[in-house]
Amino acid sequence: MNEPEPRPSTAPRRFETAAPPHAIPTRSVPAIMRRVLYALIPAAAAYTWFFGIGLVINFAIAAPAALATEAAILSLRRRPVRRALRDGSALVTAALLAFALPPLLPWWIPALGGFVAIAAKQLYGGLGKNPFNPAMVAYALLLLSFPIHMTQWLPPRMGDIDYTPLTAIEQVRYSLFDELPPKRTVDAYTRATPLDAVKEGLREQRSFQEMSATSLIGTFGGLGWEWVSSFVAFGGLYLLYAGIIRWQIPVATLAGIAVPAMLLHMVDPERFASAAFHLFSGAAMLGAFFIATDPVSASTTDRGRLIFGAGVGLLTYAIRTWGGYPDGVAFAVLLMNAAVPLIDRFTRPRIHGHAER
Amino acid sequence: MLTAVTVLTGLSLALAAALIAASRWLPERGDDAVERIERLLPRIQCAQCGYPGCRPYAEAILAGEAEINRCPPGGESTIRALAELLGREPTPLDTSLGSASMDRVARIDETLCIGCNLCARACPVDAIVGLPQRMHTVIARLCTGCELCVPPCPVDCIQLVPRHG
Amino acid sequence: MVDVTFERYLTGGIRLAANKTASTEEPILRGFIPPLLVIGLHQHGGTSAVPIVAVGQKVAKGEPIALPGTPPSTAVHASSSGRVRAIEERLIPTGTKLRASLCIVIETDGDDRRFEGGPHDPWPESREVRIERVRLAGIAGLGGAAFPTATKLEAVAGTCKVLIVNGAECEPYISCDDMLMREAPAEIVAGVIRMADLVAAPRVIIAIERDKPRALEAMRKAVTAAGDPRLAICEIPTVYPAGGERQLIELLTGEEVPSGAYPSSIGYVCQNVGTAYAIERLAARGEPLTSRIVTVTGGGVARPRNVEVPIGTPIHYLIEQCGGYRRNVVRLIHGGSMMGYALPADDLPTTKATSCIIAAAEGEVRESFEEWACIRCGDCASVCPARLQPQELLTAAAARDFDDLEALGLDDCIECGCCDVVCPSHIVLTERFRGAKRAFAEHARRLALSAEAEERHKRRERRLKQIEEDRRAAQEALKAKLRADEEARRRAVAAAVERARQRKRRDAEP
């Protein structure tokens, strides 16, 4: 029994162990966030073409504010800072916020927005734990706190013939130093958004057809806005193609806006705007493809996503049509965010091998 | 203004009436609270908390006489569960109460046992068997590790050992 | 022969890089005998086999060295001829984990002398005797779990709707079933027919994944040649884990095996193609299970291929047979890259559960275990073949919320690993769920102990109370009796006194 065992030419080797599965994960959070940012690029280009470089300025202020807030709160919470910053989620939040903000703002509004968005996320425990969409929390807070600033939009290029738009340098000067060209006020540059104008017009008993004929409205949506919306939708289709978002939320959201809009427009085309106008003005496309699809704050089951999306769409339409605000995407998303735990609980699929509950 | 006052007053009166009616005619559920607390305890009757059993301890907790951190076998998870049920803050386990654990079982050193039967009389779950003047033994599967058999032993032949292995 | 191509897909599942070409370029290497065999007696599911040889004894190939223990169990045989060198406890790889088992260490003599003492007619008429032969031949499920085949065959007497023969082999890297189907289709089909007879199956479906065209062709030919009308070949989509027992049944029949139950409860029996081959070798040639096909592959092995390996071969001999290691081997895996587990050393023996050995080179397996927070993307849920919500299970597992874990179906997790692969946050989900299952079992054990303690305590209280009451009652009865006796005595005295007085009075009267 003591004689040595026959050995192979090499001695037994030891190996590190690890739990299965051993296959390498195929995707990563930073890659997803990066792709979301890429998907926003065409829309950003269109936005800049129509409304000037306000978007770029807002993003350039909101992004560092968001990153700084993230770093500050994470170090207060004694959590690894660098890795969380590298996940890219703060940049996506800042980008979505910048898209939602009006293009002409003093610098402290996007800065505050960036701070609020990240704080609203970190207060609940950071990425993945926040029940509400961070960008929309910030947007809603800014809208409630600074209603005047937040409802002043620039008109799109090729709007009024006699309108002289601010140059890029003038926009930067306004943002940073609150300076406008001599003897001009902000009101001289800003206009109501098409959604706002149509809402006001309808309230004043003007018909939708009458307003459609004005320069406010382009081929089917708000002038300029229809193009920005189309590019947003294009980016959204890329996200669908890349498997980053699933079809349920965008389709349900857009249907939630379009179906009531279509029905009511058919019943009374004078008093209710068309479905195309609703889809291609304001934040409908951004909301459907980029905001309601934020995985953290949206429903995670297939059926739940349909309910969630439909809720966002219907609430958006309701707020736009009967509420006090011209657009309702932010409030609709926040309201539906609050309903997500309930939706998820009641839409869990039947587990394999279990009877229907 | 008047409408608002009337509506709110009426509403609160109606709801108050409903609450009174509910408390009067719905069956008394006071015992349920003790039951629910007891359910969260290990119910191994080890008495390490200073109360004669799990139910008396549950009653004391409900009456506000006892802290929720007096159950060594339940440990942190029991404290957390109690804190959640009662809406109290979880506090660290009172370590002065000993280290009884459900992960351990009593073992009698059979060479030392004198068959005095005192341990069997102390066992709250009848997990010790043996005839008087004969060697006794612990049924490990039933032993809860409560340590109550240790003090009565006149020859100190009972030890607590890990349940597995 | 019915030949069906399936276009239905699983709920969930993922497409993975198969990594099977490297090991299928060469034919199966046969006739390899290692200098040493370490044959575990508890390789299979169920209980350990009981050794019947002594140290120093000479054994022949196929000679039984251990008999089945309490059912379910199965026999173990010497995989080659030689001398028993030791009988000792060692670690052996089983289906899902390493296990300490009694092992018989045999020093081989290279003659591979066959055992002559086996039964003359290995496949008699009676079904019971046949199943007993399967048990004594040590045949266990060769798909990777190594559950005793005889026990599985016994369980479905007369209730089997369909015998499903699993040739799906959906796990990456593994190609042993593929190669066996290419090289020995006739034997497999013959074994399948024998199994169908044993379980009285009216239909047999042989399921093979679409990415094995050569195996499919060979098996189709063999089935046509056999001409048995019960047999059908099903070409199924290449998706992991289509070869999992529950998933395969769902894919083929649309039926789901009830949670916590065996497939036999709804009339299905699944057997691996390798098991069918082993049964045929037993029935036709009287050979017990002494070897199996093992895929030796991975970027870290010089000559990846399939080898017919005597059971108990230490892995380093096997690697040496395949040209030894090359490049930097970072992990040695027993099984496939999804459900196989990492081995700590290469001197562990192969068992009946060893379908594949992967020597994974750098960059071939997951080496970084950094995680991001869960962003609730739900991709895990959409690939979960059990339709669970891993993102919610993760939260419940972290909180050790056992009620939630139960409601979310922790027990129904088949640990296939799909969720880990798609998780963008790189969260080690499956391992967390394994941990949660262990914690849950511990929790359940404590609950059971608590419940029993409570019950016994109540009974004890009742008993003590009864004893006390009985004692009191006895005392009362005694007191009452004493009082009554006293009373009677007093009355007797009084009566006596009275009688005396009366007598005195009578005497006093004149």
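Because the structure is a prediction, the values reported are computed rather than measured. Here is how names work: the chains are called A, B, and so on, in the same order as the sequence lines, proteins then strands, and each is numbered from 1.
In this structure, C:His426 and C:Trp372 have perpendicular ring planes: the angle between them is above 60°, well past the 30° mark.
For the set A:Val296, A:Asn130, A:Ile245, the entry with the most heavy-atom pairs within less than 4.5 Å of chain C is A:Val296. Contact tally against chain A (heavy-atom pairs below 4.5 Å) for C:Met339, C:Glu255, C:Glu371: the top residue is C:Glu371. Ranked by heavy-atom pairs shorter than 4.5 Å toward chain C, the options A:Arg305, A:Arg27, A:Lys129, A:Glu16 are led by A:Arg27. Contact tally against chain C (heavy-atom pairs below 4.5 Å) for A:Ser299, A:Pro20, A:Gly126, A:Ala84: the top residue is A:Pro20.
In terms of the ring pair (Phe, Tyr, Trp, His ring centres under 6.0 Å) criterion, A:Phe132 has no residue partners (sequence neighbours excluded).
At a cut-off of 3.5 Å, with distance as the only test, no side-chain donor of C:Arg246 or A:His352 sits close to an acceptor on the other residue. There is no side-chain donor-acceptor pair under 3.5 Å between A:Arg348 and C:Gln389.
Using a 4.5 Å cut-off between heavy atoms, C:Leu408 contacts chain A through both its backbone and its side chain. Only the side chain of C:Ser382 comes within contact range of chain A, judged by heavy atoms closer than 4.5 Å. Within the 4.5 angstrom heavy-atom criterion, only side-chain atoms of A:Ile32, from C-beta onward, approach chain C.
A 6.0 Å sphere centred on CZ of A:Arg246 holds more than 12 heavy atoms belonging to other residues, nucleotides or ligands.
The pair A:Glu70-A:Lys121 meets the salt-bridge criterion, since a charged nitrogen lies less than 4.0 angstrom from a carboxylate oxygen.
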